[in-house]
Protein chains: 2
Amino acid sequence: MPDTRDRILNAAEARLLSEGPGGLVLEAIAAEAAISKGGLLYHFASKEALVAGLCERMLQGFDERLETLTEADDRGPGAFTRAYLATTVTAEGKPADNSARLMAGILATLGRDSTHMVQLREAFARWHARLAADGIDETTATLVRLAADGLWLSALLGLNELDPTAGREALAALHELTCTEDA
Amino acid sequence: MPDTRDRILNAAEARLLSEGPGGLVLEAIAAEAAISKGGLLYHFASKEALVAGLCERMLQGFDERLETLTEADDRGPGAFTRAYLATTVTAEGKPADNSARLMAGILATLGRDSTHMVQLREAFARWHARLAADGIDETTATLVRLAADGLWLSALLGLNELDPTAGREALAALHELTCTEDA
DNA sequence: GGGACTGTACCGTCCAGCCGGTATAGTTGT
DNA sequence: ACAACTATACCGGCTGGACGGTACAGTCCC
């Protein structure tokens with residue numbers, strides 16, 4: 001049995017993915033976590049705190065994968081850019097995980113201007129800085145990131161219109177960009 | 001005095017942009033449109049219908065601009081791709097209008113899986129088909145679109161971390177891609 | 001026995017949608 | 001020409017349900 005706090009976050013995540021933002025109801029989350037509403041509120045003082053926790057954990061996981069993949073890459077310049085690409089989307093151009101759908105839910109709950117969105121903004125700024133200093137042409141790195149974000153966006157909107165072949169080709173092209181160009 | 005229906009949509013849009021999804025309250029929208037709540041519900045039977053109307057009008061405007069710009073382009077192949085780029089983002093890489101923020105609000109209200117999101121999915125599919133048959137390399141066209149979507153995403157999340165210079169360079173690079181490559 | 005933790009009953013608020021109106025402009029019958 | 005009737009547009013009070021948060025009474029473990 002995992003830590004209660006994590007169990008609650010898992011439950012919130014599960015409901016967000018299965019029912020959408022509307023399903024993010026404290027009582028329902030508590031039920032899914034096999035806990036009472038009071039117990040939930042003991043751990044997260046408010047709904048906002050809960051969603052912020054969700055956001056934080058997601059960003060942390062993203063950062064860890066980025067770090068691992070960057071270190072594992074031995075093809076010289078562009079390592080971080082490739083890691084970003086791999087962390088965001090699969091080889092078929094599909095989103096790598098549920099982060100986009102989670103993000104959509106978090107966004108819908110917290111709203112664009114919540115103080116907790118600052119985390120997200122900081123994370124993006126951090127990644128952008130690393131991409132810019134990745135040893136490859138900065139504009140190229142930016143383009144690769146934008147395209148990756150674009151694919152991620154499709155998932156956020158529930159679009160998956162890129163067929164596997166086109167996705168693979170697009171990904172290959174992006175990947176090639178990170179290898180052939182330099183600063 | 002514009003058509004009442006349009007006035008309501010304008011009011012909803014204004015509130016969505018100024019107050020976020022939370023500000024999308026029927027009474028408030030009615031007040032902003034200088035109409036009663038009952039009057040609003042006469043034109044839009046439900047909140048969902050209202051938001052769907054918002055979505056529809058937005059897509060229509062987008063389509064119209066796309067069409068206009070495509071026809072005005074006389075640089076041969078890639079006209080639609082360039083139009084897509086220009087309709088989505090400005091020369092500095094900023095989102096061209098408020099559509100992304102509107103979209104975020106619509107998404108938050110309707111949820112990812114609403115039946116009305118089908119419109120949006122169809123629109124994307126339509127645009128994708130046009131891009132694929134734009135006379136330039138299909139993968140290139142896809143990359144350009146993805147990057148444009150990525151910039152659009154930044155606005156949706158409230159990120160604007162790309163400084164004007166970097167934005168301009170990225171845009172120029174994208175634009176060049178639509179001119180130098182062919183099928 | 002005390003603190004960490006859990007369960008439950010309840011409160012207040014917010015808000016979508018309903019419904020019984022009103023006003024005005026057309027239409028029809030005589 | 002005018003009364004009776006209908007359709008369209010709009011009004012605003014009300015209600016019922018949903019949901020976030022609180023209060024408080026346990027319970028379990030050290």
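Judged by atom type and distance alone, A:Lys47 does not reach the base of D:dG21 through any side-chain donor-acceptor pair under 3.5 Å. Applying the 3.5 Å distance criterion, the base of C:dG7 shares no donor-acceptor pair with the side chain of A:Lys37.
Sequence order on DNA chain D of the closest nucleotides to A:Val25 and A:Gly38 puts A:Val25 first from the 5' end. With DNA chain C read from its 5' end, the first of the two nearest nucleotides for A:Gly39 and A:Glu27 is the one closest to A:Gly39. When each of A:Ser46 and B:Leu41 is assigned the nucleotide of DNA chain D bearing its nearest heavy atom, the one mapping closer to the 5' terminus is B:Leu41.
A donor-acceptor contact shorter than 3.5 Å links the side chain of A:Asp97 to the backbone of A:Ser99.
With C:dG17, C:dC5, C:dG7 as the choices, the nucleotide that has an atom nearest any side-chain atom of A:Tyr42 turns out to be C:dC5. Minimum atom distance to the side chain of B:Leu26 is reached by C:dG17, of the listed C:dG17, D:dC10, D:dG21. In the set D:dG20, C:dG7, D:dC10, the nucleotide with an atom closest to the side chain of A:Ser36 is C:dG7.
Counting to the nearest Å, the C1' atom of C:dC15 and the CZ atom of B:Arg15 are 13 Å from each other. When the P atom of C:dA16 is taken as reference, atom CG of B:Leu50 falls 10 Å away, rounded to whole Å. Atom NE2 in A:His43 sits roughly 17 Å away from atom P in D:dG21 (whole-Å rounding). Atom P of nucleotide C:dG7 and atom CD1 of A:Ile35 are separated by 6 Å, given to the nearest angstrom.
For the residue pair A:Thr87 and A:Arg65, no side-chain donor N or O sits within less than 3.5 Å of a side-chain acceptor on the partner.
A distance of 11.5 Å separates CG of B:Leu171 from OG1 of A:Thr142, quoted to the nearest 0.5 Å.
B:Thr81 and B:Ile136 get closest at one heavy-atom pair: OG1-CD1, 3.7 Å.
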